[in-house]
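Here the structure comes first, spelled out in structure tokens, and everything after it is commentary.
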Amino acid sequence: MLRIRENRLPLPDTLIESLIATEQNPRYHAEGNVYNHTLLVLDQYQQHQARFNLTQAESEILYWVTVLHDIGKPSVTKWKNGRWTARGHEKAGVPIAREILLKQAQVSPAQRKQILDLIRWHNAPLRWIVNNKPIGEYRKMATRVNLRLLGIFAYFDVRGRICEHKTEILDGIEALLEEHTPQIEEDLGTYTELQEKYHKAGLQKKNAIWSALKQDDSRLLVKLLDSPALPAKASFFQCVMALGAGGAAQSEYLKNNYPAHLYYNLNDLFKEGDTKQERSNKLREVKRFLSVYMRGRKAVVLDTQFIADQTRIAIAEYVRQNGGKMQYLFFERSLEALKKESKCEVETAKISTAYQHLEMPHPWEAHSIEIV
């Protein structure tokens with residue numbers, strides 16, 4: 001095991017201690033604990049970032065991804081079947097990283113979103129390479145995260161570890177950076193261009209783009225992205241869904257900013273621990289509610305806290321299919337602030353649980369997503 005060096009990470013001492021205490025599978029991390037690995041990746045970032053012609057903003061994004069990419073491992077690492085595993089650490093790290101980044105005034109909201117997206121998907125390139133995934137997987141990921149920065153970070157990440165098949169994995173990352181990403185950007189555009197194309201499209205075209213993406217139809221996706229606008233068709237119904245950890249401030253914001261919308265608090269319906277059948281029954285209830293106001297051409301705002309990804313997507317799909325406009329409001333507030341506003345221990349516990357599961361959806365899942 002490597003000797004622990006002087007701490008160079010801008011993290012609380014308690015978090016550093018948890019990284020040091022978290023061991024890893026020597027097959028993939030023979031360098032030892034998570035702290036050792038993070039410092040090695042930071043060394044690679046500092047030594048090799050000049051190779052990639054990064055902008056100042058990109059350099060800052062990758063710095064924070066380097067520092068925070070494995071921050072979720074202490075909470076999920078287990079000794080199972082004679083080895084250490086950290087399944088789900090990417091997703092588990094997002095709320096912890098968000099809490100840290102919200103205290104960094106120099107990190108813009110746009111940078112924070114990219115950092116959290118890269119943390120969430122940072123292991124994807126390794127899985128693609130090890131499992132010999134088709135190029136279609138790369139294209140799909142390029143619609144939701146900056147594929148170029150994802151590949152660059154993967155280069156730092158793999159170089160910052162002692163693992164089996166390291167040479168072959170690095171060859172695969174080089175192919176991602178030198179072959180796949182340029183080809184995908186030529187076909188689809190860069191990440192920024194892709195998001196701009198979707199943002200500027202009308203509702204009909206957005207629906208078609210999302211449908212092509214779900215069907216893994218790359219040819220149709222490319223054609224749609226570069227096609228002229230489809231005939232304009234005005235939406236007669238708007239549904240606004242709040243995605244957040246809940247709390248009084250979130251509900252108050254919705255009521256104050258959408259006074260003409262019919263307010264529906266889904267927290268009174270969906271509960272943590274609902275079974276699949278219970279969620280299905282409650283989803284039908286939501287659809288019945290929406291159908292009434294769709295016919296009346298009235299706008300609705302849905303306040304959420306505990307809602308499964310599949311349920312959220314099903315609601316968005318229902319609105320799309322019935323000619324409505326679906327808008328997400330993503331409430332990105334610190335857990336510390338939310339706890340201060342809670343009225344009791346039960347509410348604090350609910351907010352904390354919801355915060356741990358709060359995840360930014362695909363940017364094309366709704367017609368628009370606004371971070372509040």
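Since the structure is predicted, the reported quantities are computational estimates derived from the model, not experimental observations.
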**OP:** Taking the six-membered ring for Trp and the single ring otherwise, decide whether the centroids of Y45 and F153 are under 6.0 Å apart.
**Re:** no
**OP:** Identify whether NZ of Lys or CZ of Arg in R51 sits under 6.0 Å from the centre of the six-membered ring of Y155 and within 45° of that ring's axis.
**Re:** yes
Original post:
Y198 vs W364 aromatic rings, parallel, tilted or perpendicular, using cut-offs 30° and 60°?
Top reply: parallel
Original post:
Side chains of N281 and Q277: is there a donor and an acceptor less than 3.5 Å apart?
Top reply: yes
Subject >> Electrostatic pair D117-R144, nearest N-O below 4.0 angstrom >> reply: no
**OP:** Assess whether atom NZ of K166 is packed by more than 12 heavy atoms of other residues, nucleotides or ligands within 6.0 Å.
**Re:** yes
Original post:
Any side-chain donor paired with an acceptor under 3.5 Å for Q356 and S352?
Top reply: no
Subject >> SB check E317 K214 (cutoff 4.0 Å) >> reply: yes
Subject >> Side-chain ion pair, E278 and K271, N-O less than 4.0 Å >> reply: no
Original post:
Counting heavy atoms not belonging to N256, are there more than 12 under 6.0 Å from its CG?
Top reply: yes
**OP:** State plainly whether the residues K91 and E359 are in salt-bridge range, i.e. N to O under 4.0 Å.
**Re:** yes
**OP:** Flag this pair as yes if the NZ/CZ of K255 is under 6.0 angstrom from the six-membered ring centre of Y263 and inside a 45 degree cone about the axis; otherwise no.
**Re:** yes
**OP:** Starting at NE2 of H29, measure out to NE2 of H37 and round the result to the nearest 0.5 Å.
**Re:** 4.5 Å
**OP:** Output the distance between atom OG1 (T66) and atom CG (D157), rounded to the nearest 0.5 Å.
**Re:** 8.5 Å
Original post:
Atom CD of Q250 and atom CZ of F331: how far apart are they, to the nearest 0.5 Å?
Top reply: 5.0 Å
Original post:
How long is the gap from CH2 on W79 to CG on N25, to the nearest 0.5 Å?
Top reply: 8.5 Å
Original post:
Can a salt bridge be assigned to the pair E164 and R27 using a cut-off of 4.0 Å between side-chain N and carboxylate O?
Top reply: yes
Original post:
Does the distance from a Lys or Arg side-chain N to an Asp or Glu carboxylate O, for E90 and R127, drop under 4.0 Å?
Top reply: yes
**OP:** Could you please spell out the steps behind the side-chain hydrogen bond (donor to acceptor under 3.5 Å, both in side chains) verdict for E370 and Y328?
**Re:** CA-CA 6 Å; E370 178 184 350; Y328 287 163; over 6 Å; no
Subject >> Carboxylate-amine/guanidinium contact E341 R333, below 4.0 Å >> reply: yes
Subject >> Exercise: do T77 and E23 side chains pair donor with acceptor under 3.5 Å >> reply: no
**OP:** Please examine the side chains of I61 and L118, heavy atoms only from C-beta on, and report whether any two atoms are closer than 4.5 Å.
**Re:** yes
Original post:
Is D226 paired with K197 through a side-chain N to carboxylate O contact shorter than 4.0 Å?
Top reply: yes
Original post:
So, are D268 and K282 salt-bridged, with charged N and O less than 4.0 Å apart?
Top reply: no
**OP:** Verify the neighbour count for atom NE2 of H199: are there more than 12 heavy atoms of other residues, nucleotides or ligands below 6.0 Å?
**Re:** no
Original post:
For L335, what are the other residues in its hydrophobic cluster, where any two members join if their side-chain heavy atoms are less than 4.5 angstrom apart?
Top reply: L102, L338, I351, Y355
Subject >> Ionic contact status for E332 with K113, cut-off 4.0 Å >> reply: no
Subject >> Exercise: do Q24 and K73 side chains pair donor with acceptor under 3.5 Å >> reply: yes
Subject >> Side-chain donor-acceptor contact under 3.5 Å, D187 with Q183 >> reply: yes
